[in-house]
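Computed from a prediction, not measured in an experiment: that's the story for all the values here.
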Amino acid sequence: MSAYDEVEIEDMEWSDELGAYTYPCPCGDLFQITLADLRLGEEIARCPSCSLFLTVVYNEEDFADAKEPPQKVAPQPVAVA
């Protein structure tokens, strides 16, 4: 299966509420990737409401200086008005 799109991390928005970088999904929800995922080298942002996913383009070295051990967190659905 191929990614819906490829997005630069700079084009994503940080959500304090979700603790993740987000990007709008065509289904109305948000693609999400956490800081912990990025520190682990993950490059896939998933939408919790549908099967689409993005490839996130970023420099791993920018996220490698974790001061605490990363914990993988499952994406959470976001209410859409």
Just wondering, do Asp16 and Trp14 contact through their side chains at under 4.5 Å, heavy atoms?
-> yes
Check whether any side-chain heavy atom of Glu42 lies under 4.5 Å from a side-chain heavy atom of Ile44, and answer yes or no.
-> yes
Taking all heavy atoms of Asp29 and all of Cys47, pick out the closest pair and write down the distance.
-> CB-SG, 3.8 Å
Would you give the length of the straight line joining atom CG of Asn59 to atom CD of Glu8, rounded to the nearest 0.5 angstrom?
-> 11.0 Å
Output yes when a side-chain donor or acceptor of Ser15 lies under 3.5 Å from a complementary backbone atom of Ala20, and no otherwise.
-> no
Within a strict 4.5 Å, meaning less than it, do heavy atoms of the Tyr58 and Tyr21 side chains meet?
-> no
All heavy atoms of Pro48 vs all of Leu30, minimum pair found to be CD-O, 3.3 Å
Are Cys50 and Cys25 side-chain neighbours, meaning at least one heavy-atom pair lies under 4.5 Å?
-> yes
From Ile9 atom CD1 to Leu38 atom CG, the distance as rounded to the nearest 0.5 Å | 5.0 Å
Pro26 versus Leu52: any side-chain heavy-atom pair under 4.5 Å?
-> yes
Side-chain heavy-atom pair Val56, Asp37 within 4.5 angstrom cut-off | no
Interatomic spacing from CE in Met12 to OG1 in Thr22 - rounded to 0.5 Å | 6.5 Å
Which distance, rounded to the nearest 0.5 Å, do you find between the OG of Ser51 and the CZ of Arg46?
-> 10.5 Å
Between the CD atom in Glu43 and the CG atom in Leu54, the distance rounded to the nearest 0.5 Å is 11.5 Å
If you count the non-hydrogen atoms of other residues, nucleotides and ligands that lie under 6.0 Å from CD in Glu13, is the total more than 12?
-> no
